[in-house]
Amino acid sequence: MKRGGYSRATVMSSWIVLLALGALCQISLKYAGLDTGPFDFSPRAFAVAAASPWLWLAVGCYLGEFVAWMVILRHSSLSSAFPTGAIVLIMLMFASRWLFDEPVGWPKLIGSAMIVAGVLLLGPDHPAATPSATGQREDNGAIAYAADSAEIPRKDLS
C-alpha cells in the first residue's frame, strides 16, 4: 500500500535506517571524543577533531538520518514519529555496554521499558492526521497545509 508517495516497506526501511544511523552517529561521536581527548575550544582542538574519521562518519550519519526522517515525516505525523525515535536511546544503552563496557542497571532497564511502553501507548497515526502526496490532509480536503497559501485569507496590514 502506498501513502504519501512511499510504500509501507519504504517507510519501514526508513525507520530501520534512521535508528541504525542514529545509533552509529552517537557511537562515532563517542569514538571521536576518545580520539581527540580534552577539548578546549582552541584552533588546535578544532583541527584535531576535524581530523578524526569518526567525526566525519558521524556527520555522514546525520545526513543519512535527515533523508530517512524526511521520508518518515512525509508518511507520519510529527507528534507520533518523534517519540518513536527514542528507541535509539535503548539501542545506545546496549551498544555502550557492549562497545564501551558501560554499566546497565535496573534503573536503565526500567526506563527502557517505560520508553517502549510510551511509544506503544501512542499507537499508530490516524489516517486523517497524515499528509497525502498532494500536501493536504486526508480528511476530504477540508484542511489544507499552509503551503497552499491561495486558500489562506490574508489580513491587510496597511
Side-chain angles (χ1 to χ4, degrees), residues 1-133 135-138 145-147:
M1 178 174 100
K2 284 192 164 196
R3 289 191 50 177
Y6 299 105
S7 69
R8 173 171 259 146
T10 300
V11 174
M12 290 304 294
S13 298
S14 296
W15 270 112
I16 292 167
V17 167
L18 180 82
L19 295 174
L21 289 177
L24 181 58
C25 179
Q26 297 307 314
I27 291 166
S28 298
L29 288 173
K30 171 82 174 185
Y31 277 126
L34 293 173
D35 277 354
T36 61
F39 193 83
D40 61 3
F41 291 94
S42 68
R44 182 188 174 285
F46 278 100
V48 169
S52 172
W54 291 109
L55 178 67
W56 294 107
L57 178 59
V59 169
C61 288
Y62 273 129
L63 293 173
E65 280 183 273
F66 171 77
V67 172
W69 190 237
M70 292 299 99
V71 172
I72 291 165
L73 288 181
R74 178 91 174 164
H75 175 74
S76 305
S77 68
L78 182 60
S79 62
S80 293
F82 189 77
T84 306
I87 299 298
V88 93
L89 300 172
I90 298 167
M91 294 171 57
L92 283 172
M93 179 183 67
F94 289 111
S96 67
R97 172 71 179 134
W98 181 57
L99 295 170
F100 305 111
D101 203 29
E102 294 178 1
V104 175
W106 282 110
K108 288 182 181 179
L109 292 172
I110 292 169
S112 296
M114 292 172 72
I115 289 171
V116 171
V119 168
L120 292 175
L121 284 172
L122 288 172
D125 283 329
H126 186 276
T130 58
S132 69
Q136 293 187 350
R137 292 169 62 126
E138 294 178 357
Y145 282 105

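Small disclaimer: the values here were computed from a predicted structure and weren't measured.
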- [ ] Assess whether atom CZ of Phe39 is packed by more than 12 heavy atoms of other residues, nucleotides or ligands within 6.0 Å.
- [x]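 Above 12, so yes.
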Donor-acceptor pairs under 3.5 Å, side chain of residues 53-69 to any protein atom, not counting sequence neighbours: which ones?
residue	atom	partner	partner atom	Å
Trp56	NE1	Ala50	O	2.5

Distance-only donor-acceptor hits, side chain of residues 13-23, under 3.5 Å, sequence neighbours excluded:
residue	atom	partner	partner atom	Å
Ser13	OG	Ala9	O	2.8
Ser14	OG	Thr10	O	2.9

TODO: Could you grab the distance from atom OG of Ser80 to atom CG of Leu73, nearest 0.5 Å is fine?
DONE: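 Interatomic distance, Ser80 OG to Leu73 CG, rounded to 0.5 Å: 10.5 Å.
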Open item on the list: What's the separation between atom CD1 in Ile90 and atom CE in Met114, rounded to the nearest 0.5 Å?
Closed with: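 Atom-to-atom, Ile90:CD1 and Met114:CE are 11.5 Å apart.
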- [ ] Hey, could you give me each pair passing salt bridge (Lys or Arg N to Asp or Glu O under 4.0 Å) that has a residue in residues 9-22? Not counting sequence neighbours.
- [x]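 Residue pairs with at least one partner in residues 9-22: there are none.
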TODO: If a pair satisfies salt bridge (Lys or Arg N to Asp or Glu O under 4.0 Å) and one of its residues is in residues 87-112, list it, with sequence neighbours excluded.
DONE: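 Non-adjacent pairs meeting salt bridge (Lys or Arg N to Asp or Glu O under 4.0 Å): Lys30-Glu102, Arg97-Asp101.
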All side-chain contact (heavy atoms from CB on, under 4.5 Å) counterparts of [X], not counting sequence neighbours:
| X | answer |
| --- | --- |
| Ile27 | Tyr31, Leu92, Ala95, Leu99, Phe100 |
| Ala86 | Leu89, Ile115 |
| Asp40 | Ser42, Ala45 |

Open item on the list: Ignoring hydrogens, what is the shortest heavy-atom contact between Ala49 and Thr36? Give both atom names and the distance.
Closed with: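 For Ala49 and Thr36, the tightest heavy-atom pair comes out as CA-CG2, 3.5 Å.
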Task: Worked check of side-chain contact (heavy atoms from CB on, under 4.5 Å) between Val11 and Arg74 - done: CA-CA 9 Å; Val11 174; Arg74 178 91 174 164; over 6 Å; no
